[in-house]
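Remember, predicted model here, so these are calculated numbers, not experimental data. Only this structure's heavy atoms are used, side chains among them; waters, hydrogens and symmetry mates stay out.
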Amino acid sequence: QVQLVESGGGLVQAGGSLRLSCAASGRTFSSHCMGWFRQAPGKEREFVAAISWSGGSTYYADSVKGRFTISRDNAKNTVYLQMNSLKPEDTAVYYCAAAIVIGRSPDMYAYWGQGTQVTVSS
């Protein structure tokens with residue numbers, strides 16, 4: 001069982017930066033791949049980024065590639081999403097999730113946090 005709690009969301013102007021954190025409980029965090037997803041009002045949940053259990057492999061959605069960076073600290077049971085050059089279309093609730101195998105589909109992730117709101121003003 002892995003419990004996840006996101007933090008770091010907020011309101012930022014376009015072009016600004018935010019860093020999201022996701023703290024995990026449970027001794028199995030380091031054996032799970034981690035992902036970030038987001039969901040805007042009226043839209044489906046979409047993949048943002050993922051990282052392997054070791055941190056050696058990362059995947060990004062095309063829409064965030066070059067602007068967002070996913071990282072993890074297994075000693076702190078925490079995964080991060082550094083978001084730079086934010087755009088209004090990045091506005092959404094951001095969720096972290098844990099899976100056994102790294103991937104882009106939400107169906108692959110068994111554990112989810114409650115989400116944190118990110119709002120980017122123009």
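- For residues 39-88, no residue pair satisfies the disulfide (SG to SG under 2.5 Å) rule, not counting sequence neighbours.
- For Tyr111, the OH atom sits in a packed shell: over 12 heavy atoms of surrounding residues, nucleotides or ligands are nearer than 6.0 Å.
- As a member of the Ile/Leu/Val/Met/Phe/Trp/Tyr network built from side-chain separations under 4.5 Å, Tyr80 groups with nothing else and remains a singleton.
- Nearest heavy-atom pair across Ala40 and Ala92 is N-CB, 3.8 Å.
- Expressed to the nearest 0.5 Å, how far OG of Ser122 lies from NZ of Lys87 amounts to 14.0 Å.
- Partners of Glu89 according to the side-chain hydrogen bond (donor to acceptor under 3.5 Å, both in side chains) rule, which considers only residues two or more places apart in sequence or in another chain, do not exist here.
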Side chains of residues 14-25: which donor-acceptor partners sit under 3.5 Å, not counting sequence neighbours?
unit_1, atom_1, unit_2, atom_2, d
Ser17, OG, Asn84, OD1, 2.9

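- Contacts of Trp112 classified as ring pair (Phe, Tyr, Trp, His ring centres under 6.0 Å), with partners at least two apart in sequence or in another chain: Phe37.
- Residue pairs meeting the salt bridge (Lys or Arg N to Asp or Glu O under 4.0 Å) criterion with at least one partner in residues 66-81, sequence neighbours excluded, are Arg67-Asp90.
- Using a 4.5 Å cut-off between side-chain heavy atoms of Ile, Leu, Val, Met, Phe, Trp and Tyr, with links allowed through other members, Tyr59 and Val48 fall into different hydrophobic clusters.
- Here Gln114 pairs with Val5, Glu6 under the side chain to side chain contact (heavy atoms under 4.5 Å, CB included) rule; sequence neighbours left out.
- Partners of Arg45 under the salt bridge (Lys or Arg N to Asp or Glu O under 4.0 Å) rule, at least two apart in sequence or in another chain, do not exist in this structure.
- Applying the side chain to side chain donor-acceptor pair (under 3.5 Å) test to pairs two or more places apart or on separate chains, those with a residue in residues 94-104 are Arg38-Tyr94.
- Taking Phe68 as the reference, nothing meets the ring pair (Phe, Tyr, Trp, His ring centres under 6.0 Å) condition, with sequence neighbours excluded.
- Between Ala98 and Val2, the shortest heavy-atom contact is CB-CG1, 4.5 Å.
- Ile102 is not connected to Met34 by any chain of hydrophobic side-chain contacts under 4.5 Å among Ile, Leu, Val, Met, Phe, Trp and Tyr, and they are in different clusters.
- Contact detail for Trp36 and Ile70: the closest heavy-atom pair is CD1-CD1, 3.5 Å.
- The shortest heavy-atom contact between Val120 and Thr91 is N-OG1, 2.9 Å.
- In terms of heavy atoms, Ala99 sits closest to Tyr109 at CB-CD2, 3.5 Å.
- Rounding to the nearest 0.5 Å places CD1 of Ile100 at 7.5 Å from SG of Cys33.
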Checklist line | Residue pair Thr69, Tyr60: steps toward the side chain to side chain contact (heavy atoms under 4.5 Å, CB included) verdict | finding: CA-CA 8 Å; Thr69 303; Tyr60 295 94; 3.8 Å; yes
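- Residues passing the side-chain hydrogen bond (donor to acceptor under 3.5 Å, both in side chains) test with Thr119 are Gln117, sequence neighbours excluded.
- Among residues two or more places apart in sequence or in another chain, the side-chain hydrogen bond (donor to acceptor under 3.5 Å, both in side chains) test is passed with Asp62 by Lys65.
- The distance from atom CH2 of Trp53 to atom CG of Asn74, rounded to the nearest 0.5 Å, is 8.0 Å.
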